Amino acid sequence: MIRQRLQQKLDWCFAEGVARGWWSAAAKADYVLEVPKREGHGDFSTNMALVIAGREKQKPRAVAARLQELLGPEAGFIARLEVAGPGFLNFFLALETWQSVLPEVCRLDAAYGLSSIGGSKRVLVEFVSANPTGPLSVGHGRQAVLGDAITRLLAAAGFAITREYYYNDAGRQMRVLGESTRARYLELLGLPASFPEDGYQGEYIVDIARELIAEKGDSLKNVAEVTPFKEKAEQVIFKDINGTLARLGIHFDNYYNEHTLYEEGKIDEVIAVLRQKGLVYEQDGAVWFRTTEFGMDKDRVIVKNTGEPTYRLPDIAYHREKFRRGFDWMVNIFGSDHIATVPDVLAGVRALGFDDSKVTVVIHQFVTLVREGKQVKMSTRKANFVTVDELLDEVGPDVARFFFLMRRADSQLEFDLDLATKQSQENPVYYVQYAHARLCSIRKQAEAKSAAAGDLAGAPLHRLELPEEIELLKAMASYPELVENAALALEPHRVVFFLQDLAGQFHSYYNKHRVISEDADLTRARLWLAEALRVVFRNGLELIGVKAPETM
């Protein structure tokens, strides 16, 4: 990477200055190299002189002059250096530096943007984790796409990824699901039925009851036990959930059932360990966890006076098992309804003697579906909620994925259905995909006209000198660093922003300049530019799980 090469040169200059006695090593790693926000301040800028001067009580511009002397212009890399303001050092790179990006992109092809920064560290990414009580809502859809994109980014950055779905097929929710199914089953048989007050009223419950009648007839009409109804509902709903995820191109490496924590005694083990450490006590018939010992405002109940654990306890036990399984980093993707529970679970992790800094929680906000400027109402309990499948039927997987990633996870997402269904460049995903399709079309046109780009080694890349061409080269050069930063920050929206910006740059360039012309050398150079752009668009779209069509 160009920035990495410049950073290495900068680090060498700092060390050389230390060796010459110009300054001490006190400022090591305190300086930064960044892209200036203001045009005209170079391709990169560093505050090294200011940082050194502050530590050594020297004049910043004098330090900058010495750095300038050490760095010096470098043929084919740095065109000139400039000391600006109080002592910033601005780098203006040679055109050849940017033009050299093309051979690297084309040589690496599908591997361009991949890195080994993750060092094969084992990362467990938990996402979706919806209990099998109904179809996935659009909120679950956002989480599914966000989690999948994060795993793709982490894999691209060299981490060893395990995707996990955590769920519970026991407990009150599932009991209510079984009771709801039994009530609909009896109703369909024309028998008296008592529907639970907080039962699941979606039409899917009726469908499950119909399927049960087709299989069992009326043989269950006198069964008081809810288990056969619950088990049938779970089977149907999980099949539906997996089908929905498959439509989005999402798979999991492992499914972890909360119920096993009870069966294997993990819940009791956690309570025993906390009790041994003096971190639990009994009050009013309930078991309390001394979370105030870990900075919480008050202690939390982990076992109710009914003997039923609260949600915190199995979550703590589950995270204990994550650590025991040897993961280096655990990433949880949760909806905003989990905000209050996260600190308690992390306190439990610390209480059990584990390093909670190895757990990162990404909280995503709600999704609002909008049509004709009005909100489309949703409810996961009622019959009028919008499922992910319904959304996919209307807009398709590519659009759904792209739109779900168009905002930061911690921002509320307004999903504009009118925009999402437009098959034009107004639709941002079509705008990006069309850029890739255009680049594929250019390649086909060149082949048809026998205007092949030829051998890249001998391509006249020096002809790529227009400001728009240099900006495209700079954007492509920044892509590997973008992937690394987006992966480490767990922010796939950065890739979406990058692709939208790159598409805007390319479409503008394409509308102004001909790639294939009578100038054979210029045509060859621009065909290689187009080929590199095609690679970057394809790789970027793959990172977010969106197709890169060759025609549109």
Side-chain angles (χ1 to χ4, degrees), residues 1-8 11 29 32-34 101 104-105 107-129 143-166 249-254 256 318-319 321-334 346 349 354-364 401 405 408-410 476-499 535-546:
M1 292 187 286
I2 290 172
R3 183 175 187 149
Q4 189 176 45
R5 180 180 170 188
L6 188 55
Q7 182 70 56
Q8 290 171 349
D11 293 341
V32 296
L33 179 68
E34 56 190 2
V101 172
E104 182 183 11
V105 176
R107 176 179 61 83
L108 291 174
D109 196 33
Y112 185 67
L114 303 185
S115 81
S116 58
I117 194 172
S120 297
K121 289 181 180 177
R122 296 183 64 212
V123 183
L124 178 70
V125 184
E126 179 210 336
F127 59 108
V128 183
S129 295
Q143 184 176 146
V145 170
L146 178 63
D148 183 67
I150 284 174
T151 62
R152 288 169 182 260
L153 273 171
L154 290 171
F159 292 93
I161 306 301
T162 297
R163 303 162 179 235
E164 187 155 282
Y165 188 125
Y166 174 71
I250 296 172
H251 72 276
F252 286 89
D253 302 304
N254 192 44
Y256 197 107
Y318 174 45
H319 280 79
E321 295 311 302
K322 287 183 179 182
F323 277 97
R324 285 178 157 187
R325 287 154 66 193
F327 291 101
D328 301 301
W329 187 14
M330 286 139 278
V331 178
N332 303 331
I333 319 295
F334 293 151
L346 293 181
V349 168
F354 297 105
D355 181 2
D356 67 311
S357 69
K358 291 185 176 181
V359 180
T360 301
V361 178
V362 177
I363 298 286
H364 69 86
R401 290 188 69 112
L405 297 173
R408 292 176 55 94
D410 58 6
M476 288 190 284
S478 72
Y479 177 71
E481 184 179 11
L482 167 89
V483 174
E484 283 190 358
N485 291 339
L488 295 175
L490 306 176
E491 293 183 341
H493 69 270
R494 297 190 190 190
V495 179
V496 173
F497 290 178
F498 170 84
L499 290 172
V535 167
V536 173
F537 274 114
R538 182 201 62 203
N539 292 358
L541 286 166
E542 170 64 25
L543 263 186
I544 57 173
V546 174

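Because the structure is a prediction, the values reported are computed rather than measured.
At least one side-chain heavy atom of Arg152 sits less than 4.5 Å from a side-chain heavy atom of Glu542. In this structure, Met330 and Val349 have side chains that are not in contact, with every pair of non-hydrogen atoms separated by 4.5 Å or more. For the pair Val496/Leu499, no side-chain contact is recorded, criterion being any heavy-atom separation below 4.5 Å from C-beta on. When side chains are defined from C-beta on, Arg538 counts as touching Asp109, because their heavy atoms get closer than 4.5 Å. Looking at Val483 and Tyr112, their side chains never come closer than 4.5 Å, going by heavy atoms from C-beta outward.
Scanning for salt bridge (Lys or Arg N to Asp or Glu O under 4.0 Å) contacts around Glu491 gives Arg408, Arg494, with sequence neighbours left out. Residues forming a side-chain contact (heavy atoms from CB on, under 4.5 Å) with Gln143 (at least two apart in sequence, or on another chain): Phe127, Ile333, His364. In terms of the side chain to side chain donor-acceptor pair (under 3.5 Å) criterion, residue partners of Arg3 (sequence neighbours excluded) are, by chain and number, Glu481. Residues satisfying the side chain to side chain donor-acceptor pair (under 3.5 Å) criterion with Ser120, sequence neighbours excluded, are absent altogether. Under the rule for a side-chain contact (heavy atoms from CB on, under 4.5 Å), the partners of Glu321 that lie at least two apart in sequence or sit in another chain are Tyr256, Leu261, Lys266, Arg324.
Note that CG of Leu405 is 6.5 Å distant from CG of Leu146, once rounded to the nearest 0.5 Å. The distance from atom OG1 of Thr162 to atom CZ of Arg325, rounded to the nearest 0.5 Å, is 7.5 Å. The distance from the CG atom of Asp11 to the CG atom of Leu6 is 9.5 Å, given to the nearest 0.5 Å. Taking CD from Glu484 and CG from Leu153, the interatomic distance works out to 11.5 Å, rounded to the nearest 0.5 Å. With values rounded to the nearest 0.5 angstrom, Phe327 atom CZ is found 10.0 Å from Ile161 atom CD1. For the atom pair CG of Asp328 and CZ of Phe323, the computed distance is 10.5 Å after rounding to the nearest 0.5 Å.
Counting all heavy atoms, side chain and backbone alike, Leu488 lies closest to Trp329 at O-CH2, 4.1 Å. For the residue pair Val125 and Gly147, the shortest heavy atom distance occurs at CG1-O, 4.3 Å. The minimum heavy-atom distance between Asp148 and Thr151, with the atom names listed, is O-OG1, 2.6 Å. In terms of heavy atoms, Val495 sits closest to Ala486 at CG2-CB, 4.4 Å. For the residue pair Ala144 and Ile250, the shortest heavy atom distance occurs at O-CD1, 3.4 Å. Considering all non-hydrogen atoms of both residues, Pro492 and Ile544 come closest at O-CG2, 4.4 Å.
Tyr479 and Phe498 have tilted rings, their planes meeting at an angle from 30° to 60° on a 0 to 90° scale.
Among residue pairs with one or both ends in residues 112-122, none qualify as salt bridge (charged side-chain N to carboxylate O under 4.0 Å, His left out); sequence neighbours excluded.
Using a 4.0 Å cut-off between a side-chain N of Lys or Arg and a carboxylate O of Asp or Glu, Lys322 and Glu164 do not qualify as a salt bridge.
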